[in-house]
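Notes to accompany the following structure.
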Amino acid sequence: MHMMFPKDFIWGAATSAYQIEGAAQEDGRGLSIWDVFCRKPGAVWQGKSGDIACDHYHCWREDISLMKGLGLQAYRFSIAWPRVLPQGKGPVNKKGLDFYDRLVDGLLAAGITPYVTLFHWDYPQALHELGGWLNRDSSDWFAGYAEVVVSRLSDRVQNWLTLNEPQIFVGFGYQDGTHAPGERLELPQVLQIAHNVLLAHGKAVQTIRGRARVKPCIGYALSVNPVAVPATDSTADIRAARRAFFTNTKQVWTNNSWWTDPVVFGRYPEDGCRLLAKDLSPVSGDDMKIISQPLDFLGLNVYFGELYRSGADGAPGKIPFASGHERTSFDWPVVPESLYWAAKFYAERYALPVIIAENGMSSRDSVESANKVHDPQRINFLHRYLRELKRACSDGIDVRGYFLWSLMDNFEWAAGYRERFGIVYVDYPTQQRILKDSALWYREVITSNGATI
Ligand code: FCB
């Protein structure tokens, strides 16, 4: 069969506020937990922070011109909650909100559709000091913030994502302590946080639906890594991989169904309830109803996978990679089929349209002569991953769009500036942007609607 992307497929790129904006002390922005975490000795590679990052807060016009030049149809960015509400709730910082207003206008003028993520990890420090996500009021705080943003931008913004990768900011932030706020809580508290986060998602969906001036299209972005990929196309291996993919563990960041079943089906998955029974608090009142507000799409952030084969009893068995299996500079294994199977398994289980909300790779890029950045390894990576996405579309899986992570090199959380994920190179000391070869390659992909893949 001739493989194709749908005609109205959306080609975009993604970033997030703390990773690119900088201007951390400007125009009344409040502190986020990442500002504080970055100052803890040893928390971030080389002790760096997002204080300046890509200085996008000042360079946004130039950045929009770059996007336009690349032919991007859509841009996924996040709003910094403490820039809009310095204390997390209460008085609105007009200057902070104005920034996003200008950004949205600039994008629309350039013909680029904004996809707004409300929360991409930069939690207000002031709310953290009130107990943060562990406080049951946290979902109302989030809904209040959503209301401020939606009231201002929803006459022009139609596409919204509530949370980015809840399993990562909860799992890394509160269970293994490697991300802000760097806590290592006991399982009952982690599960309580997870529940409050899901509740916040549900209340934000209600707020967006209730307040938006243009009919909204609402999703939620999940980290699905590692994707469980069947080692062969046999029915038994596919079944085994699916089972591995949706099985829950005590490490909340590896759980897929725990974070999505409540949102779509209004209940926690049974295997997880059994495993976590003694650590779970009873769910109160209408919580599950609030959590499971109708959604328009699921956003999947896909980076890597692992291979599964069915054991004699049908149980999934993980297969080690062959010696020398390729890896990105982050040491993430390159498994292009992850994109196919993540889209397929999610679309089948949840019967919702899927958007790939992030996909890309980090490498040790460098500037060569004549301001060129040659990154054939990234082109190779993207080509093979996108071929798998094309296969998914051709198989009839409802994939609506693809957002490359990332538009530009940026602050990669605990890895600081070590990992370069951009298709645009950023020379941090001068803030010069240089299109990498992969950016020019991606432009062709977009222009041809993926025919070059
Ligand atoms: C995802 C995050 C994103 C970026 C990429 C590499 O987990 O959502 O901010 O760090 O990984």
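Quantities reported herein were computed from a predicted structural model and do not represent experimental measurements. Counting starts at 1 for both ligands and their atoms, in listed order.
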### Message
Take a 6.0 Å sphere around CZ of Arg387 and say whether it holds more than 12 heavy atoms from other residues, nucleotides or ligands.
### Response
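At most 12 heavy atoms, drawn from other residues, nucleotides or ligands, come within 6.0 Å of this atom.
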### Message
Within the supplied structure, the quantity of interest is the number of heavy atoms (other residues, nucleotides, ligands) at a distance under 6.0 Å from Arg102 CZ; does it exceed 12?
### Response
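Yes, enclosed.
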### Query
What about Trp133 and Phe119, are their ring centers closer than 6.0 Å?
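For Trp133 and Phe119, the ring centres are under 6.0 Å apart.
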### Query
Parallel, tilted or perpendicular: which fits the ring planes of Trp413 and Phe411, with parallel below 30° and perpendicular above 60°?
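Taking Phe411 first and then Trp413, their aromatic rings stand perpendicular (interplane angle over 60°).
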### Task
Tell me which one of His120, Glu412, Gln19, Gln167 gets a heavy atom nearest to atom 6 (C) of ligand 1.
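Looking at heavy atoms only, the winner is Glu412.
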Please write down residue, atom name and distance for the protein heavy atom closest to [atom].
atom                   : value
atom 1 (C) of ligand 1 : Glu358 OE1, 3.1 Å
atom 7 (O) of ligand 1 : Glu165 OE1, 2.5 Å
atom 5 (C) of ligand 1 : Tyr303 OH, 3.3 Å

### Query
Between the side chains of Ser329 and Ser363, is a donor N or O closer than 3.5 angstrom to an acceptor N or O?
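Per modelled atom types, Ser329 and Ser363 side chains form no pair under 3.5 Å.
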### Query
Any idea which part of Asn164 is under 4.0 Å from ligand 1, heavy-atom wise: side chain, backbone, both or neither?
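The answer is the side chain.
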### Task
Look only at the side chain of Tyr442 and the backbone of Gly12, and say whether a donor-acceptor pair between them is shorter than 3.5 Å.
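Side chain of Tyr442 to backbone of Gly12, a donor-acceptor pair under 3.5 Å: yes, one is there.
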### Task
State the atoms of ligand 1, each with its element, that fall below the 4.0 Å cut-off from a heavy-atom position in Trp121.
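Those qualifying, in numeric order: 2 (C), 7 (O), 8 (O).
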### Contact atoms of ligand 1, heavy-atom distance to Phe421 under 4.0 Å
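This gives 6 (C) as the contact atoms.
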